[in-house]
2 protein chains.
Amino acid sequence: MATGRTHRPATRSRGIPEATVARLPLYLRALTALSERSVPTVSSEELAAAAGVNSAKLRKDFSYLGSYGTRGVGYDVEYLVYQISRELGLTQDWPVVIVGIGNLGAALANYGGFASRGFRVAALIDADPAMAGKPVAGIAVQHTDELEHIIESNGVSIGVIATPAGAAQQVCERLVAAGVTSILNFAPTVLTVPDGVDVRKVDLSIELQILAFHEQRKAGEEDGPDSGGPAVAARAAAAVADDRKGPDGDMPAVMPA
Amino acid sequence: MATGRTHRPATRSRGIPEATVARLPLYLRALTALSERSVPTVSSEELAAAAGVNSAKLRKDFSYLGSYGTRGVGYDVEYLVYQISRELGLTQDWPVVIVGIGNLGAALANYGGFASRGFRVAALIDADPAMAGKPVAGIAVQHTDELEHIIESNGVSIGVIATPAGAAQQVCERLVAAGVTSILNFAPTVLTVPDGVDVRKVDLSIELQILAFHEQRKAGEEDGPDSGGPAVAARAAAAVADDRKGPDGDMPAVMPA
DNA sequence: CTATGTGAACCCATTCACAGCT
DNA sequence: AGCTGTGAATGGGTTCACATAG
């Protein structure tokens with residue numbers, strides 16, 4: 001085979017940093033929009049703005065993929081769309097199953113962003129017998145009993161879990177046993193999986209909690225780094241009563257042993 | 001203290017690393033589960049396993065909050081729940097509005113994880129007049145015309161956008177103008193906001209794309225780092241015809257200028 | 001002269017390993 | 001003796017700034 005690169009610092013051509021991989025879909029989305037407007041080329045500056053990152057980062061990211069730009073000009077939109085799609089594995093069709101067809105599962109089934117990016121919803125699966133046969137997003141829901149059969153006969157390797165937290169681990173194990181090796185988990189629980197299986201999680205309330213943290217801080221920092229908001233007096237008292245080094249606050253009822 | 005830097009040193013006692021903040025909700029979830037089982041104390045090892053991180057990271061994270069453990073023993077569960085809740089700003093009640101009551105918006109409105117963590121859905125807002133008055137998750141949907149009034153009269157500072165991409169920026173601007181300073185964006189588009197406004201985004205299809213990348217790589221690495229899958233022959237030809245340095249692959253139809 | 005591609009510096013995050021407290 | 005808390009070491013990711021190509 002014609003690979004000239006036999007021994008290399010090894011962390012090269014194939015080793016794209018995880019942080020870069022996570023941004024490729026962002027670039028792809030921005031490029032797709034440009035493509036639909038028939039824009040032929042973009043500069044790193046313009047594309048970075050459209051994707052919400054800075055241009056140095058974008059150029060560095062692209063440098064891991066190869067030299068796909070033209071100096072003095074920019075990047076060819078169509079060409080980049082293809083290269084990034086290929087890098088992400090979106091030039092092939094990925095059948096996915098969604099397990100747990102509640103509100104969220106139904107929303108996912110109806111979500112247009114999947115189909116338009118190389119993902120095909122192969123089946124919707126739910127444990128409730130009353131759901132079986134009901135059409136959601138034009139697909140008849142199937143019962144959990146069918147899970148293994150569906151995975152195997154469709155060659156599904158990506159599963160989406162949108163069940164309640166209590167059911168998630170068990171569903172996960174059945175998916176993995178049937179051959180799934182990538183899981184997107186919406187249930188608010190930690191999944192344990194064997195080596196070789198990838199799990200990504202999306203927890204809706206975690207994102208809100210992170211926002212609340214920053215929101216609280218905005219309100220508290222208005223007059224100096226040590227103004228603790230409504231509980232300043234209580235804090236001062238607690239600092240005397242309790243020798244723990246926490247920067248702020250006491251506790252209403254329960255104290256540690 | 002100052003190093004002639006234009007921005008602030010940022011590493012102060014109040015400056016909890018962003019990566020740590022992002023994990024606090026995870027710890028909180030694990031601790032809440034322990035609390036419900038009336039477990040009085042946990043070691044960093046046990047709690048780390050329950051949260052899906054390693055124990056050194058967890059101890060380091062907690063060290064930014066203060067010394068809340070007891071050497072030789074572990075952490076008091078109730079005490080930690082309170083300290084983390086307070087740090088995240090969850091001891092107060094955050095009214096949030098959800099804009100865009102489609103499948104996803106409805107799923108969010110019904111999501112139990114919000115209410116149980118100090119968030120209160122103050123209003124559901126949709127642009128479709130036919131939706132107005134309809135109850136979703138026990139709350140009557142209100143029309144977009146009411147947006148400013150709802151934000152102001154409820155003192156809402158956190159907004160959730162679950163509209164189609166095309167409407168998101170406009171909704172965002174109205175939310176910000178009315179006083180919202182934190183936004184959780186589910187629309188697949190980049191939002192532009194003034195300084196001082198926080199945006200976090202959740203893009204369902206991005207997570208799947210990242211999984212696809214790793215999934216593809218699993219399949220491709222089975223027989224050597226340069227086995228390119230189905231397109232190997234095409235690649236070799238392209239390598240001759242095209243002097244770009246991309247590590248692999250050609251393009252079906254379009255070529256750059 | 002313009003905009004990419006990239007070494008090098010910088011900064012943040014993770015991991016290690018052990019001192020210090022209970 | 002056991003487990004936390006944390007300096008020190010390590011590793012990744014981001015940013016800078018400029019050589020390089022068109």
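Bear in mind that the values here come from a model prediction, so they are computed numbers and not experimental data. Worth knowing before you read on, the calculation uses all heavy atoms, side chains too, and leaves out hydrogens, waters and symmetry mates.
By the side chain to side chain donor-acceptor pair (under 3.5 Å) test, A:Thr91 pairs with no residue at all, sequence neighbours left out. Every residue meeting the side chain to side chain contact (heavy atoms under 4.5 Å, CB included) condition with B:Val190, not counting sequence neighbours, appears here in chain and number order: A:Arg29. Legend: residues meeting side chain to side chain donor-acceptor pair (under 3.5 Å) with A:Arg117, ordered by chain and number and at least two apart, are absent. By the ring pair (Phe, Tyr, Trp, His ring centres under 6.0 Å) test, B:Phe186 pairs with no residue at all, sequence neighbours left out. Scanning for side chain to side chain donor-acceptor pair (under 3.5 Å) contacts around B:Asp61 gives B:Thr20, B:Arg23, B:Tyr27, with sequence neighbours left out. Evaluation of the side chain to side chain contact (heavy atoms under 4.5 Å, CB included) rule for B:Thr192 yields B:Gln169 as partners, not counting sequence neighbours.
Phosphate contact (OP1/OP2 of D:dG22, side-chain N/O of A:Thr70, threshold under 4.0 Å): absent. OP1 or OP2 of D:dC3 has not a single side-chain nitrogen or oxygen of B:Ser43 nearer than 4.0 Å.
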Nucleotide N/O to protein N/O under 3.5 Å, stretch nucleotides 17-21 of chain C:
residue: C:dG20; atom: N3; partner: B:Arg71; partner atom: NH1; Å: 3.2

Inset, instruction - Sugar-phosphate atoms are those with a prime plus P, OP1 and OP2; base atoms are the rest. Using that split, label each nucleotide of nucleotides 9-14 of chain D B, S or - for protein heavy atoms under 4.0 Å, 5' to 3'. - result: ----SS
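Within the structure, salt bridge (charged side-chain N to carboxylate O under 4.0 Å, His left out) pairs that include any residue of residues 204-213 of chain A comprise A:Glu207-B:Arg200 (at least two apart or interchain).
As rounded to whole Å, 13 Å separates atom P of D:dT4 from atom CG of B:Asp76. In this structure, A:Leu58 places its CG atom 10 Å from P of C:dG5, rounding to the nearest Å. In this structure, B:Ile16 places its CD1 atom 12 Å from P of C:dA13, rounding to the nearest Å.
Contacts of A:Tyr75 with the nucleic acid, taken as non-hydrogen atoms under 4.0 Å apart, involve only primed sugar atoms and P, OP1 or OP2.
B:Leu24 and B:Ile84 get closest at one heavy-atom pair: O-CG2, 3.8 Å.
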